[in-house]
Amino acid sequence: MDFLEGLNPQQRAAVAHVEGPLLILAGAGSGKTRVITHRMAHLVDVHRVPGPCILAVTFTNKAADEMRQRVVRLVGGSDPKAAPLVSTFHSFCVRVLRRDGDRLADIRRGFTKRFTIYDDDDQVSLLKSIFKGMGLDEKFMQYRAMCSWISHNKSHKLSPQDAYDSSKDARITRMAKVYDEYQGRLLQANAMDFDDLLLETVRLLSHDTNLRSQYNQRFEFLMVDEYQDTNRSQYELMRLLTGEHHNLAVVGDEDQSIYGWRGADIRNILDFERDYPNATVIRLEQNYRSTKNILDAASALVAHNKERKGKWLWTDSDGGSPIALYQAPNGENEALFIADAIDKTLKRNPNDRVAVLYRTNFQSRQIEEALRRYGRKYTVVGGFSFYQRAEIKDVLSYLKALASPQDSISLLRIINTPARGIGKTTIEQIELYALEQNLSVWEAIGRMLDENAFPARAEAALRLFRNMMQELSAYAMEDPIPTVNDVLRKVLERTGYSQMLDADETPQSESRKENLSELLNAAAEAAERGEGITEFLDHAALVSDADSVDERAPVSLLTMHNAKGLEFPVVFIAGMEEGLFPHSRSFDSEKALEEERRLCYVAMTRAEKRLYLSWAKFRRRFGGGELEQSIPSRFLKEVPQELIEKLRDEDDARQVNLHSERYAVREAVKRNLYTGKTYNSIENIGQFFAERGVKPPSMVPSAPVKRAEAATGIQKPEVRSQTTVPSPKPVPRKKPFGSGSTILHPKYGRGTVLRREGEGDDAKLTVSFPGYGLKKLVEKFAGIKEE
DNA sequence: AAGAAGTGGCTTTTT
DNA sequence: GCCACTTCTT
C-alpha cells in the first residue's frame with residue numbers, strides 16, 4: 001500500500017519525513033490524525049522500522065486506541081506485538097515507573113514499584129485530613145483550590161520549600177506548609193498524584209542514565225499529538241527520550257491550546273524551532289471538515305488573538321448555511337430552542353449527528369430537561385464518571401488498601417463502610433495517633449490495639465476489621481493468584497458490602513448493584529487479558545471522560561474542552577454570554593481571555609455543516625436564585641456579522657413555548673420518558689471496555705424487558721431512577737396510602753408509596769415519584785389522593 | 001454510633 | 001438545585 005496516495009502535498013511531505021525534528025502545524029480539520037497514522041505506517045512498511053521502536057503519545061486513551069487501531073489496519077499487521085506503542089502521557093509514565101522505576105527509590109523516600117495512584121478525590125481526602133491536623137478548614141481555602149495551587153507549583157517544578165521561600169504573606173506560608181505536609185503524606189503512603197507520575201518519570205530518567213539510554217535506543221521515533229497542550233514535564237520527558245537522536249515529530253495547533261490552566265505551556269509549540277534547531281516545519285492549512293462560512297467565522301474570531309504563529313485555513317467547500325444566532329429570553333427558552341432545533345434537524349435527517357457544547361458542566365441540566373421533553377435520546381459526556389461513584393470508589397479502595405496497606409486514604413474510606421461500629425471518635429483517635437507517631441493508619445491501628453488504647457466496643461470492632469483485612473490480603477496472595485474479579489467478589493462478600501446493598505431497599509441500591517456488577521465484568525475482562533490488581537487499578541485511575549465519547553450517538557452534550565478532536569455535522573454552542581463564556585474567571589488576564597477565545601475557536605471548528613450560537617438575555621445562576629441580566633459574549637461581535645443569520649427570537653420563542661406546553665410533551669416529562677444515557681451508564685461502560693478489550697464484553701445478563709428499561713433508563717440513577725424500583729405488588733389494604741399503594745400528589749403526580757411510618761397525624765410516607773425520585777411526605781399535609 | 005433533617009455555599013475547564 | 005457538612009434525634 002502506498003501511504004502517500006490521496007494526500008495533499010503538505011500532508012505527503014509530513015508523512016514522508018523520516019529523520020530529524022518535525023513540527024506539523026495542523027489546523028483544525030486538516031487531517032492530522034491521518035498524517036500521524038500514515039507516517040507511522042510509512043516508517044514501518046517502507047523504512048522497515050520495527051513497530052515497537054515507535055512511540056506515539058496522546059492525551060486520551062481513546063485517541064491512543066484509535067490511532068493504534070488505524071496503524072495496525074494500515075500495515076495489515078496481525079501481530080499486536082509488532083505495533084507501535086501508542087499511549088497517553090500518563091499511562092506511559094506509569095508503565096515506566098512500574099517496570100523500570102527501581103532506581104527512583106534513590107531519590108524518592110519510600111518509593112517502591114507498588115506505588116498507589118491518587119486521583120483528585122483522593123487528593124481532596126488527603127487535604128481534608130491535613131487541614132484537620134493543622135487546625136484549618138475550608139474557610140481558609142477550598143480543597144479544590146488548594147489542589148490546583150499545589151498542582152500549579154508542581155507543574156512549574158516548585159517545591160514546597162520554593163513556595164515557602166518566595167511567600168510574601170502568612171497565608172501563602174501556610175499554604176506552603178500544607179503543600180509540604182501533602183508531599184510528606186504522599187511519600188508515607190507511597191502514593192503519587194497525576195503530577196507526580198510525570199514529574200517522577202522525568203526525575204527517574206534524569207537520575208538513571210543507564211535506563212535513559214535504554215529508552216533512547218528502544219524508541220527511535222517519537223510522535224506527540226496535541227503538542228500545544230503539553231506542560232513543562234511533558235516537554236522535559238520528550239527531551240529526555242530524544243536525547244541521543246532528534247527524531248521527534250510533534251503535531252499541534254497553537255490556536256487550539258486550551259489547557260493553560262492545567263499547566264500546558266503554549267510556548268512549547270511556539271518555541272519548537274528554537275528548542276530543536278533544524279526542525280522541518282510543515283503547515284497543514286487546508287480544512288476538509290467545515291463549510292467556508294464556519295471556517296471563516298472561526299478564523300476571524302481567533303485572529304483577535306496576539307499570541308499565535310498566524311495562519312489562515314482555507315477550504316474547497318462551498319459557503320454553506322450562515323451561522324445561526326439565537327437570542328433567547330431566558331435560559332430555559334434557550335434550552336428549548338436547542339431541543340426544538342435538534343428535533344427538527346433529526347426529523348429531516350435521522351442520520352445527522354448533533355453536539356451541544358457548553359462552557360461549564362452545570363449548563364447540561366437545562367438542556368437535558370428540554371431534550372427529555374422532546375423525547376430525544378442524548379448522551380452526556382463528563383460530569384459524574386463511573387469511577388467516581390461512591391460504590392465503585394469504595395470497592396476499589398478495598399483493593400487499594402489490600403495492595404498497599406500504607407495507603408491510608410483508601411483505608412480510611414472503607415474502615416467503616418459498611419458500618420461496623422468504628423465511629424467518628426475512634427477514627428479521630430487513630431488519625432491523631434498516626435500523625436503524632438508518624439505512622440500509617442494501618443500501622444497505628446496495630447500499635448494501638450497492642451497498647452489497649454481503645455474502649456472495649458471499639459477494640460472489638462477494630463480487631464474484627466483487622467482480621468478481615470488480613471484474611472482478604474492472604475486470599476489475594478494465595479497461590480495460584482486469584483483473578484481480579486475473584487478478589488473483588490470476595491471483597492464484596494466478606495466485607496458485608498453486598499449484604500449492605502441487599503438490605504438497602506431504596507432504588508439507589510439497585511443501580512449501585514448494577515454498577516458493581518459492571519465493575520465485576522470489567523475485572524473479568526481485565527483478568528482475561530492477563531491483568532492483575534495493579535493494572536486494573538491503574539486503568540481505573542487513568543480513564544478520562546473523553547475516553548468514552550461515543551461518536552455515533554445522534555445527540556451529544558459535552559463541554560467544549562471535551563469536544564477537542566471531535567467533529568459533528570451540526571453543532572450548538574450554548575450560553576454565549578459574558579461571564580459564562582468567556583468565563584468571568586478569565587476577565588482579569590489577557591492570556592486567559594485569549595485561551596477562552598481559542599476555546600471558542602475549537603468549539604466552532606467542530607462543526608461540519610451547520611453551526612448554531614445562542615445566548616440568553618436572562619439567566620438564573622443558581623437554582624433558587626434571581627434571574628440575572630446577561631450581556632452577549634464579546635465573541636459574538638468578533639465573528640463577521642455578514643456570516644451570521646439572526647433567528648427571529650419572538651417567533652421562535654413563541655413556537656418553542658407552544659411546543660413545550662403541548663399535552664403530550666408534558667406527559668412525557670411527567671413519566672420521565674427518555675433520558676438517553678450518559679457515558680457512565682451501563683451500556684457505555686461496557687462498550688468502553690469492549691473497545692479496549694480483546695473479546696467483546698459479556699454485558700450484564702439482562703432479559704429483553706430489562707434491556708428496554710435500561711435504554712429508556714435514567715442517566716443519574718442516584719437521583720432520578722425509578723425504572724429499577726421493583727414494581728410493588730398491589731396489596732389489598734385496609735388503610736389508604738399503605739406501603740405499595742399508588743397515590744396522586746398535586747405537584748409530583750403519580751407515585752408509589754414505599755414506606756409508611758407513624759400513626760394518625762404523624763404518619764409519614766416515603767414515596768417514589770417517577771421523575772422526582774424519593775420524597776418524604778407528611779400524610780396529613782401532603783394533599784395526596786388515592787389513585 | 002448511626003441515621004435524618006436542616007443549612008450554607010457554591011459552579012470553569014480535567015489527565 | 002445540589003452537595004457536603006453540621007446538628008439533632010434515637
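First the proteins, then the strands, lettered A, B, ... as listed; each starts at 1. What's counted below: heavy atoms across the whole structure, side chains too, no hydrogens, waters or symmetry copies.
Here B:dT14 is the nucleotide among B:dT14, B:dT12, B:dC10 with the atom lying nearest to any side-chain atom of A:Asn562. Nearest nucleotide to the A:Asn416 side chain, out of B:dT12, B:dA1, B:dA2: B:dA2. Looking at the side chain of A:Asn361, the nearest of the listed nucleotides C:dC2, B:dT12, B:dT13 is B:dT13. Counting only heavy atoms from C-beta on, A:Arg457 has its side chain closest to B:dA1 among C:dC2, B:dA1, B:dT15. Side chain of A:Arg365, nearest nucleotide from B:dA1, B:dT15, C:dG1: C:dG1. In the set B:dT15, B:dT11, C:dC5, C:dC5 carries the atom at the smallest distance from any side-chain atom of A:Tyr143. In this structure, of B:dT14, C:dG1, B:dA1, it is B:dA1 that holds the atom nearest to the side chain of A:Thr425. The side chain of A:Thr426 sits closest to B:dA1 out of B:dT12, B:dA1, B:dC10.
At a cut-off of 3.5 Å, with distance as the only test, a side-chain donor of A:Asp195 or A:Ser151 sits close to an acceptor on the other residue.
Taking CG from A:Asn231 and CG from A:Leu199, the interatomic distance works out to 8.0 Å, rounded to the nearest 0.5 Å.
Look at A:His90 and the base of B:dT15; the rings do not stack under the cut-offs of 5.5 Å between centres and 30° between planes. Here A:Tyr259 does not pack flat against the base of B:dT14, since the 5.5 angstrom centre distance and 30 degree tilt limits are not both met.
Annotation: B:dT12 and C:dC5 have their C1' atoms spaced 23 Å apart (nearest Å). Straight-line distance between the C1' atoms of C:dA4 and B:dT13: roughly 22 Å, to the nearest whole Å.
Residue contacts shown for A:Gln142 are limited to sugar-phosphate atoms, with no base heavy atom under 4.0 Å away. Within 4.0 Å (heavy atoms only), A:Ser584 reaches no atom of the nucleic acid at all. Using a 4.0 Å heavy-atom cutoff across all strands shown, A:Lys128 reaches sugar-phosphate atoms only and no base atom. Using a 4.0 Å heavy-atom criterion, one finds that A:Phe59 contacts the sugar-phosphate atoms exclusively.
Taking the ring axis of A:Phe454 as reference, the NZ or CZ atom of A:Arg463 does not stay both within 45° of it and closer than 6.0 Å to the ring centre. The side-chain tip of A:Arg95 does not point at the ring of A:Phe92 from less than 6.0 angstrom away and within 45° of straight on.
Taking the six-membered ring for Trp and thresholds of 30 and 60 degrees, A:Phe131 and A:Phe140 have ring planes more than 60 degrees apart, a perpendicular arrangement.
Neither OP1 nor OP2 of B:dT15 sits under 4.0 Å from any side-chain N or O of A:Thr60.
Judged by closest nucleotide on DNA chain B, A:Ala458 is the one of A:Ala458 and A:Arg621 placed further toward the 5' end.
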